[in-house]
Amino acid sequence: MRIVRFTTGEEPSYGVLTGDLDEYGQPDEDAVVVALVGDPLYVGIKLLEKEHRLADVRLLAPVLPRSKVVGIGKNYAAHAAEMGGPVPDEPLMFLKPNTSVVGPGDAIQYPRQSKFISFEGEVAVVIGRICRDVPAEQATDVIHGYTIANDVTARDLQKTDGQFTRAKGFDSFCPLGPWIETDLDPQDFIDGRRIQTYLNGDLKQDGSTADMIHDIPALIAHVSSVMTLLPGDVILTGTPEGVGPMEVGDEIEISIEGLGTLTNKVEARA
Ligand code: MG
């Protein structure tokens, strides 16, 4: 099932996106959003009869984390190499504030304090249950679904600050979307899903989720051994090689097999 949050100009609502995806992972022209009652993370699925053509709605970030977005650094060896330094033995954890989340089509705001902001295309795991100390073999039980993230990073501030809070924490530095896919499994990503990032139409990242050093169950076990995870929390699973700078006016598209395409533009922060 593909769960969206959307608006038609009124209050945001959840819905289920129906129809097939084309070879590029885009919904077909007849795609319809069937509205849902309430929040699928908390009340389960109740379909309304109200339907909208996808073309008539604006998609929003499919989840608004009430508490946190947990990032994982250097989880693909080739990306660790391009950043310099060794691959960490354990998953390298950091936090992005929930206020960094924006949706498909929203602007990434280029902050005044940075001269180098980078895209990082990543699989995002959405947590569905309150949990702590989750064994890797039970990770599937706590996963609500998967979406795409752009772990936007001010690379210069990451270096000068010596830690990640400012570099990864600006408003708009965590685009999420376009929907949450609930029918995939961690094994699908271990087997390998193609992950690609295009900057103004040019292919910049072209990796496979099979190359994650720590797979999704291992990440959930690791993170939940440190902090309680809540429904709607998001774990970013790291980016493959090919990261690079974005400029004001650029358009960034991240496509992951089975998860669609997340598109955002860069604007100067007012
Ligand atoms: Mg990242």
Side-chain angles (χ1 to χ4, degrees), residues 61 63 65 68-102 108-111 114 116-127 146-177 189 193-199 204-216 218-220 222-223 226-227 233-246 250 252-256 259 262-264 266:
V63 60
K68 55 194 172 290
V69 177
V70 182
I72 302 293
K74 297 188 176 177
N75 199 31
Y76 288 76
H79 171 64
E82 76 181 348
M83 297 302 293
V87 174
D89 289 337
E90 290 187 296
L92 174 66
M93 223 190 307
F94 59 89
L95 290 171
K96 290 170 90 83
N98 56 0
T99 44
S100 64
V101 171
V102 292
I108 296 167
Q109 299 168 31
Y110 204 121
S114 175
F116 191 121
I117 70 168
S118 178
F119 53 83
E120 296 187 358
E122 310 198 3
V123 175
V125 181
V126 182
I127 298 297
Y146 307 87
T147 189
I148 301 171
N150 190 344
D151 176 20
V152 179
T153 304
R155 200 66 75 198
D156 48 356
L157 302 180
Q158 189 180 29
K159 288 205 179 83
T160 55
D161 288 0
Q163 48 100 320
F164 295 1
T165 304
R166 181 165 66 147
K168 291 186 178 273
F170 285 98
D171 286 1
S172 79
F173 269 30
C174 191
L176 291 177
F189 297 98
R193 294 264 160 171
R194 198 169 184 190
I195 173 167
Q196 297 175 299
T197 303
Y198 292 85
L199 181 73
K204 297 292 186 183
Q205 293 187 285
D206 191 4
S208 168
T209 59
D211 294 330
M212 283 186 203
I213 296 164
H214 305 284
D215 61 26
I216 288 169
L219 294 178
I220 288 176
H222 183 78
V223 175
V226 176
M227 59 187 81
D233 282 355
V234 174
I235 299 176
L236 311 184
T237 56
T239 198
E241 68 179 317
V243 298
M246 300 182 285
D250 285 350
I252 298 86
E253 295 169 277
I254 302 168
S255 293
I256 300 178
L259 298 181
L262 173 65
T263 304
N264 299 89
V266 182

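Remember, it's 1-based here, ligands and their atoms both numbered in the order they're listed. For reference, positions follow the sequence shown, starting with 1. Scope of the values below: all heavy atoms of this structure, side chains included, with no hydrogens, waters or symmetry mates.
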Original post:
Judged by modelled atom types alone, do S118 and R155 share a side-chain donor-acceptor pair under 3.5 Å?
Top reply: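 Per modelled atom types, S118 and R155 side chains form a pair under 3.5 Å.
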Of all N, O or S atoms in [X], identify the one at the shortest distance from the Mg ion (ligand 1).
X    : result
D151 : OD2
E120 : OE1
E122 : OE2

Subject >> Spatial distance of atom CD (Q205) from atom CD1 (I252) [nearest 0.5 Å] >> reply: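 If we round to the nearest 0.5 Å, Q205:CD and I252:CD1 are 11.0 Å apart.
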**OP:** Hey, can you tell me if Y146 and F189 have their rings parallel, tilted or perpendicular (30° and 60° cut-offs)?
**Re:**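 The arrangement is tilted - the two ring planes meet at 30° to 60°.
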Subject >> K168 and E120 ion-paired at < 4.0 Å >> reply: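 So K168 pairs with E120 through a salt bridge.
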